Structure formats: C-alpha cells, structure tokens
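Predicted model only: the values in this text are computed from it and were never measured.
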Amino acid sequence: MNDWQKKSPLDWETYVNKLVKVVAIEKHEYEGWVLTVDPVSASIVLAAFLEDEKVSISVVMGHAVQEVEILKEGDTEMKQRLSRIFAPKESKAYSPEELEKRKNDLKTWLETNHIPVTEQGELGRTLCVAGVLTIDPPYGSEQCSSSNEIILSRVQGLVQGYLEKQQ
C-alpha cells in the first residue's frame, strides 16, 4: 500500500477542485483538475479542459499513484465549471430562493387538491406525500420516490401535469 492509499477521505477531499500533477508508476504523469477521489480504491478522477469547451476525463488508479502535487487552487468559477461536467444538458440550476418558491407552490397545489403533504428532513427541503412518497428538489416528477409503484406513477403524473400548466 502506497502513501496515497494510506490517506483518509478527509485528506483526499483537500485535493478536490484543485489543479494537480499526478506522478504514477513507470514515470507516467497526469495533469488535471481533481473532480473526486474514490474512497475505496483511492483512484483520482481528473478533468482537463480542451478547446471547444470539451472535457477530457482521466482516472488514475490509486495503487499506481506515487505523488500528487497541487499546482493551483480552484476559484469559485472553476468549482462551478467542474460541478457542471456531469450535469445533464437540460438541467437548470435553481437559486435557493427559486427552490423554496417551487417547493411552496407545489405544496400549496397538492394541499389545494386534498393531497396530504408535509415537509421533512433537516431543512424541510423534502416534501412527503401521504407518508409514502417523497419529492426532492427541484420538485419535478423525476424527483419523486416511493416503493409503491402505483402511487409513484400517479403522483408523478399529477406533478408533471401541474408543472406543464405552470409554463
């Protein structure tokens, strides 16, 4: 087990969103922005930005890592750019205020239609419908979750219909 593999996840987290140079076995060198480090294998996921807004993703296996050198700290803009790499194209980022409004509007609409709904979770961000279905931010039909497929399907249909009327 090498020194890199002996580090803890908290140690690895300090490398996230930083430009690094990784020296691996057989003198291979990799450079890129650290997206994440796998806590089981210690493998490093690197992103390198190419021309035309394209991104190259590399994974350096944890057992091959010999040295990791931080070259540059990531600023706020770079952190946002890195967080959007794996976001679906159609995904829209919502401000906390927009999310709160979406939650409250959906909750009000559900209550108006006599559907029992409560807020749950530490910050009250998750809506719970009839105690058997949850809706997480950003409160669309895709964020509905339930072990009861019939209820899931019906509530997803209701939420989808509600959202289509809002547009």
Side-chain angles (χ1 to χ4, degrees), residues 1-107 118-128 133-147 152 156 159-160 163 166-167:
M1 191 178 281
N2 62 33
D3 289 342
W4 177 255
Q5 289 175 295
K6 291 177 185 169
K7 290 183 182 287
S8 75
L10 289 174
D11 293 330
W12 292 322
E13 189 177 27
T14 62
Y15 290 88
V16 173
N17 296 325
K18 295 187 174 122
L19 182 64
V20 299
K21 181 171 85 173
V22 179
V23 178
I25 55 175
E26 298 182 12
K27 303 290 184 233
H28 289 289
E29 288 188 4
Y30 303 89
E31 195 172 300
W33 293 90
V34 178
L35 285 172
T36 189
V37 178
D38 177 54
V40 175
S41 67
S43 299
I44 306 171
V45 180
L46 298 173
F49 294 98
L50 311 172
E51 63 278 348
D52 301 336
E53 287 296 310
K54 294 194 178 184
V55 180
S56 170
I57 303 292
S58 306
V59 178
V60 182
M61 302 305 286
H63 66 83
V65 175
Q66 291 185 324
E67 182 184 330
V68 179
E69 177 187 352
I70 296 175
L71 303 175
K72 185 177 174 185
E73 297 280 330
D75 58 9
T76 306
E77 183 182 325
M78 180 54 70
K79 288 177 185 176
Q80 289 177 343
R81 195 173 174 194
L82 291 167
S83 71
R84 287 191 303 262
I85 288 177
F86 292 114
K89 290 284 184 235
E90 70 276 357
S91 121
K92 179 180 185 280
Y94 293 97
S95 71
E97 296 80 22
E98 288 174 313
L99 283 176
E100 188 67 21
K101 181 179 179 347
R102 285 178 63 92
K103 179 186 79 174
N104 291 334
D105 290 351
L106 179 59
K107 182 179 179 192
T118 58
E119 295 178 20
Q120 69 179 34
E122 214 172 282
L123 303 170
R125 292 180 44 158
T126 299
L127 293 178
C128 183
L133 180 136
T134 58
I135 309 173
D136 292 311
Y139 309 104
S141 61
E142 294 296 314
Q143 287 77 41
C144 294
S145 177
S146 176
S147 58
L152 177 62
Q156 281 180 319
V159 171
Q160 188 63 40
L163 292 173
Q166 298 302 305
Q167 293 177 353

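Checked against the 6.0 Å centroid threshold, W33 and Y15 do not count as a close aromatic pair.
When all heavy atoms of D38 and W12 are compared, the closest pair comes out as O-CZ3, 4.1 Å. Annotation for G62 and Q5: closest pair O-CG, 3.7 Å, computed over non-hydrogen atoms. Taking each heavy atom of Y30 and A24 in turn, the nearest pair found is CE1-CB, 3.9 Å. For the residue pair V159 and G140, the shortest heavy atom distance occurs at CG1-C, 3.8 Å.
Panel note: side chain K101, backbone P96; no donor-acceptor pair is recorded below 3.5 Å. Side chain of D136 to main chain of C144: no donor-acceptor pair is present (N/O by atom type, distance under 3.5 Å, no hydrogens or angles). With hydrogens and angles disregarded, no donor-acceptor distance shorter than 3.5 Å links the side chain of K7 to the backbone of D3.
Between V34 and V45 there is no side-chain heavy-atom pair separated by less than 4.5 Å. In this structure, the side chains of N2 and Q66 stay at 4.5 Å or more apart for every pair of heavy atoms. Looking at heavy atoms from C-beta onward, V22 lies in side-chain contact with I44 at the 4.5 angstrom threshold.
Separating the CG atom in N17 from the CD atom in E73 is a distance of 10.0 Å, to the nearest 0.5 Å.
Between K21 and E31, none of the side-chain N atoms (NZ, or NE/NH1/NH2) sits under 4.0 Å from a carboxylate O, so this pair counts as no salt bridge. Between D75 and K79 no salt bridge is recorded (no basic side-chain N to carboxylate O distance below 4.0 Å). Between E100 and R125, none of the side-chain N atoms (NZ, or NE/NH1/NH2) sits under 4.0 Å from a carboxylate O, so this pair counts as no salt bridge.
Heavy-atom contacts from other residues, nucleotides or ligands closer than 6.0 Å to CD of E77 number 12 or fewer.
When only modelled atom types and interatomic distance are considered, Q160 and S141 share a side-chain donor-acceptor pair under 3.5 Å.
M61 pairs by the side-chain contact (heavy atoms from CB on, under 4.5 Å) definition with S43, V59, H63, not counting sequence neighbours.
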